[in-house]
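Scroll down for the structure; my scribbles are underneath it.
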Amino acid sequence: MTKDLTKIRLFAMDVDGTLTDGKIYMGETGEMMKSFDVKDGLGIKLLISQGIIPAIITGRRSQIVENRCREIGIKELHQGVKEKNIVLCELMEKYQLQQSEVAYIGDDINDISAMKEAGISFAPADCAHQLLPFIDIRLTRKAGDCPVREAIDLILDGRYDAEAFSAL
């Protein structure tokens, strides 16, 4: 049975290894830099323009991620999360969503619990092999090379409205 991507109303994302290449640059005083791709950012704005809620659920805490979320309009930011499935279920309850209306993208074993809760799960091409049994769609792009945008394009396929996007 094929999953229906047109039902998605919430798209939850891990950060390191999905929105970034997974590298964490650290200096003496802590985290210094992460690399985000503008195409992922525009994709997230496209989701928002179509009424789909973007959410970040990440195990790490980062001011850099908070700044990026503010910049592109992500309001559901959950950092320092150990059990991602619990936060995903709370979001489903908050927005009164069914499992079939929720997608999740992650890249490693700490994402499995959320993938099991989501109706549709995505992973970058270079994800941890332990995820393979839990992935609905393995993307062609690797971490940091816009796998989030690839997933968003699949979700929004056929939903693009040029007028809605011209304001972005």
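Keep in mind it's a predicted model, so treat the numbers as computed, not measured.
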Taking distance alone, no hydrogens or angles, what donor-acceptor pairs closer than 3.5 Å link side-chain atoms of residues 137-146 to residues at least two apart or in another chain?
| unit_1 | atom_1 | unit_2 | atom_2 | d |
| --- | --- | --- | --- | --- |
| R138 | NE | A125 | O | 3.1 |
| R138 | NH2 | A125 | O | 2.6 |
| T140 | OG1 | E150 | OE1 | 3.2 |
| T140 | OG1 | E150 | OE2 | 3.0 |
| R141 | NH1 | D145 | O | 3.4 |
| R141 | NH1 | D145 | OD1 | 3.4 |
| R141 | NH1 | D145 | OD2 | 3.4 |

Report summary line: Looking only at heavy atoms, the pair that brings M32 and G27 closest together is CG-N, 3.3 Å
**Report entry** With K116 via side chain to side chain donor-acceptor pair (under 3.5 Å) - residues at least two apart
**Finding:** none
Requested in this report: Please report the shortest heavy-atom distance between A118 and L88, naming the atom on each side.
Outcome: N-CD2, 4.0 Å
Query raised in the report: Nearest 0.5 Å, what's the NE2-CG distance between H129 and L131?
Result: 10.0 Å
Report summary line: Of all heavy-atom pairs linking D4 and I120, the shortest is O-CD1, 3.9 Å
Report task. Quick one: closest heavy-atom pair of G119 and K3, and the distance? Result -> O-NZ, 2.7 Å
Query raised in the report: Any idea which heavy atoms bring T18 and P147 closest together, and the distance?
Result: O-CG, 3.5 Å
**Report entry** Salt bridge present between E66 and R70 (N-O < 4.0 angstrom)
**Finding:** yes
**Report entry** Co-membership, hydrophobic cluster, residues I74 and V65, 4.5 Å side-chain
**Finding:** yes
Requested in this report: Find the distance between NZ (K23) and NZ (K34) and round it off to the nearest 0.5 Å.
Outcome: 13.0 Å
Report task. Report whether Y95 and L47 are members of the same hydrophobic cluster (ILVMFWY, side-chain heavy atoms less than 4.5 Å apart, transitive linking). Result -> no
Requested in this report: Check whether any side-chain heavy atom of I152 lies under 4.5 Å from a side-chain heavy atom of V148, and answer yes or no.
Outcome: yes
Query - Interatomic distance, I135 atom CD1 to S121 atom OG [nearest 0.5 angstrom] - result: 6.5 Å
**Report entry** S35: partners by side chain to side chain contact (heavy atoms under 4.5 Å, CB included), with sequence neighbours left out
**Finding:** none
Query raised in the report: Going hydrophobic residue to hydrophobic residue with side-chain gaps under 4.5 angstrom, can you get from L46 over to I56?
Result: yes
Query raised in the report: So do the side chains of I57 and E76 get within less than 4.5 Å of each other, counting heavy atoms only?
Result: no
Query raised in the report: Should L132 and C127 count as side-chain neighbours, where that means a heavy-atom distance under 4.5 Å?
Result: yes
**Report entry** I48: partners by side chain to side chain contact (heavy atoms under 4.5 Å, CB included), with sequence neighbours left out
**Finding:** I44, P54
Query - Linked, directly or transitively: V102 and F11 (ILVMFWY side chains, under 4.5 Å) - result: no
Query raised in the report: Who pairs with R68 by side chain to side chain contact (heavy atoms under 4.5 Å, CB included), at least two apart in sequence or on another chain?
Result: F36, E71, I72
Report task. Compare all side-chain heavy atoms of I52 with those of L156 and state whether any distance is below 4.5 angstrom. Result -> yes
Report task. Verify the neighbour count for atom CD of E83: are there more than 12 heavy atoms of other residues, nucleotides or ligands below 6.0 Å? Result -> no
Query - From CG (L5) to CG (D153), nearest 0.5 Å - result: 11.5 Å
**Report entry** E90 side chain reached by H78 side chain, heavy atoms, under 4.5 Å
**Finding:** no
Query raised in the report: Donor-acceptor pair, Q79 side chain versus S62 backbone, under 3.5 Å?
Result: yes
Please tabulate, one pair per line, all N/O donor-acceptor pairs under 3.5 Å involving side-chain atoms of residues 104-111, not counting sequence neighbours.
| unit_1 | atom_1 | unit_2 | atom_2 | d |
| --- | --- | --- | --- | --- |
| Y104 | OH | D111 | OD1 | 2.5 |
| D111 | OD1 | K84 | NZ | 2.8 |
| D111 | OD2 | D107 | N | 3.0 |
| D111 | OD2 | D108 | N | 3.1 |

Requested in this report: Looking only at non-hydrogen atoms, find the nearest pair between L10 and A55 and report the distance.
Outcome: CD1-CB, 4.3 Å
Query raised in the report: Are the side chain of E117 and the backbone N or O of Q99 linked by a donor-acceptor pair below 3.5 Å?
Result: no
Query - Trace of the side chain to side chain contact (heavy atoms under 4.5 Å, CB included) decision for D136 with M115 - result: CA-CA 9 Å; D136 294 309; M115 288 181 162; over 6 Å; no
Report task. In sequence, state the C-alpha distance, the side-chain angles, and the governing distance for R9 and I53, and then conclude on side chain to side chain contact (heavy atoms under 4.5 Å, CB included). Result -> CA-CA 6 Å; R9 293 182 47 218; I53 303 157; 5.8 Å; no
Query raised in the report: Can you find a pair of side-chain heavy atoms, one from F122 and one from I155, that are under 4.5 Å apart?
Result: yes
